[in-house]
Q: 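Sharing a structure with you now.
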Amino acid sequence: MSAVVVVGAQWGDEGKGKVVDLYAPYAELVVRYAGGANAGHTLVVGGEKLILHLIPSGILHEQTNCVVGQGTVIDPAVFLKETEALNVRGLDTRGRLVVSQRAHVVLPHHKLIDELREKRSGGAIGTTKRGIGPCYEDKVARRGVRMGDLLNPERLQSKLAANLECWRPVAEDLGGTLPTAEEITAQYTDLGEALRAYIGDAAAIVRASIQANEKILLEGAQGTMLDIDNGTYPFVTSSNAVAGGACAGAGIGPTHIKSAIGIAKAYTTRVGGGPFPTELEDETGQQLRDAGAEYGSTTGRPRRCGWLDLVALRHAVAVNGLNELAITKLDVLNVLGELKVCVAYELDGERLEYPPYERIEDVTPIYETLDGWDEELAKYRSRADLPAAAQRYLDRIEEEVGCRVGVVSVGPDREDTADLVDPFG
Ligand code: IMP
């Protein structure tokens with residue numbers, strides 16, 4: 001058992017990027033298993049800011065190989081741009097990065113339809129408009145185009161022709177015009193050629209890595225509450241973001257997974273529409289947004305902010321089978337005097353320990369108030385040294401959700417981390 005899954009335990013943006021970056025040096029292979037360019041992770045490379053949407057941040061560690069698995073959906077132009085940005089900064093990606101030939105391709109009309117639907121619905125879901133939903137729709141409807149198809153123009157054009165026929169009435173109804181199969185073929189064949197060195201048999205690489213007993217880090221995107229099956233449906237993304245998604249999305253069996261580590265912020269954020277029981281639409285929410293720089297790295301949208309929702313986290317512990325939690329941005333809470341955590345919901349007079357399958361927008365959070373701490377935390381390297389109130393905050397998380405807290409992030413930099421240990425150890 002040599003694989004560790006890192007999964008978002010809330011509504012995405014939990015700081016998975018930082019944790020994967022901390023764990024990657026311990027891994028021989030990092031595999032991204034779900035989602036697409038809706039995700040975003042800001043890195044600092046050679047003193048310069050760089051946002052990666054598709055390529056795992058493990059690419060920064062030269063001894064680590066990276067795979068983008070079959071469970072992802074790939075916008076080839078975004079992928080190419082990211083490889084170029086890394087190469088320009090002196091990071092050689094060739095030979096260390098493979099994108100699965102089975103991963104589905106985000107096509108121009110996927111982005112168009114995503115955008116037109118958002119417009120028509122008045123932004124009800126608030127998608128990232130990266131074409132994620134329509135691309136996964138094509139995948140399950142068994143009419144999708146896969147990365148391997150980009151290397152075979154004839155096959156690509158015939159698949160595109162059939163695919164476009166299915167979308168035509170939808171596009172017309174939404175007032176959009178579809179490109180032709182020939183136009184997309186020309187553009188995407190060029191992209192395929194530019195990416196030829198990267199498109200490969202990712203599943204075989206994962207298999208060989210398992211057989212060689214290498215350490216594999218499985219990197220999730222988005223978060224548990226955005227998972228298509230386990231999240232706040234229909235206000236979710238279109239993939240299995242949970243740890244279980246790592247098996248299908250990377251091509252790995254559950255028996256190879258050693259542990260699942262859930263990443264959770266010390267408070268809660270959400271971008272886009274949908275229920276958010278602990279949301280703070282007041283000054284406290286704004287304080288969290290300012291202190292935590294809570295603006296989307298993909299869309300730049302201000303994130304909705306609120307108290308830590310332990311009901312959602314308890315659910316994440318259950319559905320991901322978490323062995324451990326990594327708590328990020330604990331330092332952001334420095335700005336607040338008194339802290340609240342939601343320990344249960346109330347719905348129609350009933351106390352709920354787990355999220356209901358619908359009507360989450362109708363629940364009333366039941367809060368517990370905890371003392372804050374008025375102290376910078378970035379200097380601490382061990383939980384045992386943190387101010388007593390911060391330790392108590394972490395203790396209450398563990399007690400309420402039944403999962404131990406391992407790593408604690410106390411600042412944005414790599415070094416601002418307490419209790420970092422080898423996740424494979
Ligand atoms: P989509 O994934 O673009 O279809 O968007 C569906 C929902 O998931 C929207 O509410 C998005 O804001 C949200 N979402 C998608 N990707 C992310 C992410 O990486 N972080 C946070 N929210 C996300």
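When reading the values below, keep in mind they use all heavy atoms of this one structure, side chains included, and skip hydrogens, waters and symmetry mates. In listed order, ligands and their atoms are each counted from 1.
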Q: Tell me whether Gln222 reaches ligand 1 (any heavy atom closer than 4.0 angstrom to a ligand atom).
A: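 Distance cut 4.0 Å: Gln222 passes for ligand 1.
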Q: For Gly40, is at least one N or O under 3.5 Å away from an N or O on ligand 1?
A: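 Between Gly40 and ligand 1 (N or O atoms, distance only) the closest approach is not under 3.5 Å.
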Q: Within a distance under 4.0 Å of any heavy atom of Leu226, pick out the atoms of ligand 1 and give their elements.
A: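 Counting atoms of ligand 1 from 1, those under 4.0 Å from Leu226 are 8 (O), 13 (C), 14 (N), 22 (N), 23 (C).
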Q: Identify which one of Ile74, Thr83, Leu80 satisfies the side chain to side chain contact (heavy atoms under 4.5 Å, CB included) criterion when paired with Leu54.
A: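 Passing option: Ile74.
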Q: Between the side chain of Tyr136 and the main-chain N/O of Gly35, is any donor-acceptor distance below 3.5 Å?
A: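 Here the side-chain-to-backbone pair exists.
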Q: Does some non-hydrogen atom of Phe235 fall short of 4.0 Å from ligand 1?
A: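 Phe235 does not count as a contact of ligand 1 under the 4.0 Å cut-off.
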Q: Return the orientation label for the Trp11 and Phe276 ring planes: parallel under 30°, perpendicular over 60°, tilted otherwise.
A: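 Plane angle between 30° and 60°, so tilted.
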Q: Please state which protein non-hydrogen atom is closest to atom 2 (O) of ligand 1 and give its distance, to 0.1 Å?
A: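 Residue, atom and distance for the closest contact: Thr237 OG1, 2.6 Å.
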Q: Please say whether Arg270 places an N or O atom under 3.5 Å from an N or O atom belonging to ligand 1.
A: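 There is no such contact.
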Q: Are more than 12 heavy atoms from other residues, nucleotides or ligands located less than 6.0 Å from atom CZ of Arg102?
A: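 Open: at most 12 neighbouring heavy atoms sit under 6.0 Å from CZ of Arg102.
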Q: Any idea which atoms of ligand 1 are less than 4.0 Å away from a heavy-atom of Trp11?
A: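 Selected atoms, number and element: 21 (C), 22 (N).
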Q: Could you find the nearest protein heavy atom to atom 3 (O) of ligand 1 and give me its residue, atom name and distance?
A: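 Atom 3 (O) of ligand 1 sits closest to the protein heavy atom Thr128 OG1, 2.6 Å.
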Q: Does the ring center of Tyr267 lie less than 6.0 Å from the ring center of Trp307?
A: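 Tyr267 vs Trp307: aromatic centres not under 6.0 Å.
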Q: Does Arg130 reach ligand 1 with a nitrogen or oxygen that is under 3.5 Å from one of the ligand's nitrogen or oxygen atoms?
A: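 No.
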Q: Can you confirm, on distance only, whether ligand 1 has an N/O atom lying under 3.5 Å from any N/O atom belonging to Val236?
A: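 No, no N or O pair falls under 3.5 Å.
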Q: If you have a sec, work out which protein heavy atom is nearest atom 21 (C) of ligand 1 and how many Å separate them, to one decimal?
A: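 Here the nearest protein heavy atom works out to Asp13 OD2, 3.0 Å.
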Q: Polar contacts were defined as any N/O atom of the residue lying under 3.5 Å from an N/O atom of the ligand; does this apply to Asp114 and ligand 1?
A: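 Such a contact does not occur with ligand 1.
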Q: Any Lys/Arg nitrogen of Asp149 or Arg155 sitting under 4.0 Å from an Asp/Glu carboxylate oxygen of the other?
A: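 The answer is yes: the pair qualifies as a salt bridge.
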Q: Does ligand 1 have a heavy atom under 4.0 Å from the side chain of Arg117, from its backbone, from both, or from neither?
A: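 Within the 4.0 Å criterion, Arg117 makes no contact with ligand 1.
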Q: Below 4.0 Å, non-hydrogen atoms only: which portion of Val271 touches ligand 1? Side chain, backbone, both or neither.
A: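 Looking at Val271 and ligand 1, atoms from backbone and side chain both fall under 4.0 Å.
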Q: Below 3.5 Å, N or O to N or O, backbone or side chain included: is there any such pair between Thr127 and ligand 1?
A: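 Checking ligand 1 against Thr127, no N or O pair falls under 3.5 Å apart.
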Q: Has Glu376 got more than 12 heavy atoms of other residues, nucleotides or ligands less than 6.0 Å from its CD?
A: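 Count not over threshold, so no.
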Q: So, the side chain of Arg301 versus the backbone of Tyr295: is there a donor-acceptor pair under 3.5 Å, distance only?
A: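 The answer is no, because no donor-acceptor pair under 3.5 Å joins these two groups.
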Q: Taking a cutoff of less than 4.0 Å between a non-hydrogen atom of the residue and any ligand atom, is Gly126 in contact with ligand 1?
A: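 Distance cut 4.0 Å: Gly126 passes for ligand 1.
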Q: Could you say whether the N/O atoms of Asn38 and ligand 1 ever approach to under 3.5 Å?
A: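 Checking ligand 1 against Asn38, an N or O pair does fall under 3.5 Å apart.
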Q: In this structure, does ligand 1 have an atom that sits under 4.0 Å from one of the heavy atoms of Arg301?
A: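 Distance cut 4.0 Å: Arg301 passes for ligand 1.
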Q: Surrounding CD of Gln63 (heavy atoms of other residues, nucleotides or ligands, distance under 6.0 Å), is the total greater than 12?
A: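 Atom CD in Gln63 is packed in, count exceeds 12.
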Q: Does Arg143 make a cation-pi contact with Trp167 (under 6.0 Å, within 45 degrees of the axis)?
A: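 Judged by the rule (NZ or CZ under 6.0 Å from the ring centre, within 45° of its axis), Arg143 counts as positioned above Trp167.
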Q: Does Glu399, at its CD atom, have more than 12 non-hydrogen atoms belonging to other residues, nucleotides or ligands within less than 6.0 Å?
A: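 Buried by this count: over 12 neighbours within 6.0 Å.
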